[in-house]
Protein chains: 2
Amino acid sequence: MRSAEGARSSRADQADQRRAELLDAARRVVLERGLASTRVSDIAKATNVSGGLIHYHFATKDDLITAMLRATSESEVRRLREIIAGPGTAIQRLDRVLRFYIPSSRSDQSWILWLDAWALGVREPHVREILLELEGGWIEILSEVISQGMEAGEFTCDDPQGAAERLDGMLDGLVVRYTLHSGAMSRKRLLEHARIAAAREVGVDRSSFPA
Amino acid sequence: MRSAEGARSSRADQADQRRAELLDAARRVVLERGLASTRVSDIAKATNVSGGLIHYHFATKDDLITAMLRATSESEVRRLREIIAGPGTAIQRLDRVLRFYIPSSRSDQSWILWLDAWALGVREPHVREILLELEGGWIEILSEVISQGMEAGEFTCDDPQGAAERLDGMLDGLVVRYTLHSGAMSRKRLLEHARIAAAREVGVDRSSFPA
DNA sequence: GATTTGACTGGGTCGCCAGTCAGGATCGTT
DNA sequence: AACGATCCTGACTGGCGACCCAGTCAAATC
């Protein structure tokens, strides 16, 4: 069942690559145009591919969108895990997580995707499930860093899970505000709020955070 | 330009009433079906009215939706103002605000509207403006109650505005979680989080809140 | 080198839905 | 009563967009 094990470009590989390419284009197009006004043909155009090909690889538009959201969510959680496995004190890692949460600049509109997904998730159980896993991932990571800090004697916290839920919620809410009305909430102020709240939750002084 | 000042049912009144009725139906339909799959004809059906009539009172569907969101937002802010103008100690009023924030039961899905509106607001400046006013209203009210409490000597807080922003953000984020996955976050737990965070922000003990 | 399999094209179809329009009913005014 | 303004109806349309399909082409297999 194939020429040699060195074969890098079998038919299956080609299909996988094409699917990944389509997911990528889908993400870009949805970010740019919004879920509501994204057409299958837009994604086809962005990939320089015929409209028919989309439906060859994905049965329906919903399938494509759902797969794209799943892929994005999984890659986000993967990067998060790398962060908390990284070097530094617990507070440094916590700070890195907070900064990863927050859009890195005015032009980073990646959160738009999740605003669309939240609205979609209300009606679509598959999407809702993806969102549940993503949020669960965030909370778990936060709670894990806090526990690490407690073991290291850096932090004090009698309910890491609860603290993680509160922090995660606050960041979600503030990022919505920042994404929608960046004029009313600067990135600096957002990060400051995050550090103040996090410092309180883990029982350290706000000045313990890096400048 | 009219019979007597006692006239309660002039043509203008009738039109106003019909418009209000349509806005109300629009809200119900959007909550039930979601913005994305709400048709103008659905709203017409829900009002027992012809499709054409909608476009007699509202030029476009967008106009109708925007007006509905504006009306809903304004009524929400109005009710909020009543709460903080009400009786009781500052902490009682603060608690009332928190409880007004949180959906009153599993079946209260009113927040779905704002999830849809957030996604819409990314592309529609008019909607974004409404959202800005609504959030601004919440933050202002929170900050006002906190200030009242400080004047009364109940609270300590060196940045009421910042505290209000953090609380508002946290509640937004947690309510999203509650609305989307009520299984992962009970109303009780949500309220508990709100009280813990609020107590910290205003420098009182969590036990100061009503049971 | 013949045949099969899989990737891909592009035109077509079919249903849906916002918005239009011509006309009808009802109200207020004179 | 007559008339104009306003409210309302329901059939219609024009465009759009997801999905289908018949056919092409190239790579894999025999």
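Below, chains carry the letters A, B, ... as their sequence lines are ordered, and counting in each starts from 1. Source: prediction; values computed, not measured.
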If only side-chain N and O atoms of A/Tyr56 are considered, is one of them under 4.0 Å from the OP1 or OP2 phosphate oxygen of C/dC8?
no

Nearest whole Å is fine: how far is D/dC25 P from A/Leu53 CG?
17 Å

Separation of A/Leu35 atom CG from D/dA18 atom P, in whole Å?
11 Å

Quiz question: by atom type and distance under 3.5 Å, do the side chains of A/Ser110 and A/Asp108 form a donor-acceptor pair?
yes

Under 3.5 Å, is there a donor on one side chain and an acceptor on the other for A/Thr72 and A/Arg27?
yes

Check B/Ile65, B/Leu64, B/Leu53 against B/Phe58 for a side-chain contact (heavy atoms from CB on, under 4.5 Å) and give me the one that passes.
B/Leu64

Quick one: B/Leu64 CG to C/dG19 C1', roughly how many Å, whole number?
13 Å

Would you say B/Arg18 reaches D/dT6's phosphate, i.e. side-chain N/O to OP1/OP2 under 4.0 Å?
no

Look at the side-chain N and O atoms of B/Gln14 and state whether any lies under 4.0 Å from the OP1 or OP2 oxygen of C/dT26.
no

Where along nucleotides 12-18 of chain C does protein come under 4.0 Å, by heavy atom, of base (B) or sugar-phosphate alone (S), with - for untouched nucleotides?
-----SS

Atom pairs and distances, donor-acceptor, side-chain atoms in residues 142-150 of chain B, under 3.5 Å, two or more places apart:
{"from": "B/Ser147", "atom 1": "OG", "to": "B/Ser143", "atom 2": "O", "distance (Å)": "3.0"}
{"from": "B/Gln148", "atom 1": "OE1", "to": "B/Arg93", "atom 2": "NH1", "distance (Å)": "2.5"}

Between C/dT9, C/dA7, D/dT9, which nucleotide has the shortest distance from any of its atoms to the side chain of A/Ser50?
C/dT9

side-chain contact (heavy atoms from CB on, under 4.5 Å) partner of B/Val29, chosen from B/Thr47, B/Asp24, B/Asp42
B/Asp42

Between atom CD1 in B/Ile43 and atom P in C/dG19, what is the gap in whole Å?
11 Å

Provide, to the nearest angstrom, the distance between the CG atom belonging to A/Asp13 and the P atom belonging to D/dA28.
11 Å

Between B/Gln161 and B/Glu165: side-chain donor-acceptor atoms closer than 3.5 Å:
yes

Would you check if the distance from the ring center of A/Trp111 to the ring center of A/Tyr178 is below 6.0 Å?
no

note: B/Asp62, atom CG; C/dG19, atom P; distance rounded to Å ~ 7 Å

Closest nucleotide of DNA chain D for B/Ala15 versus for B/Gly52: which of these residues is on the 5' side?
B/Ala15

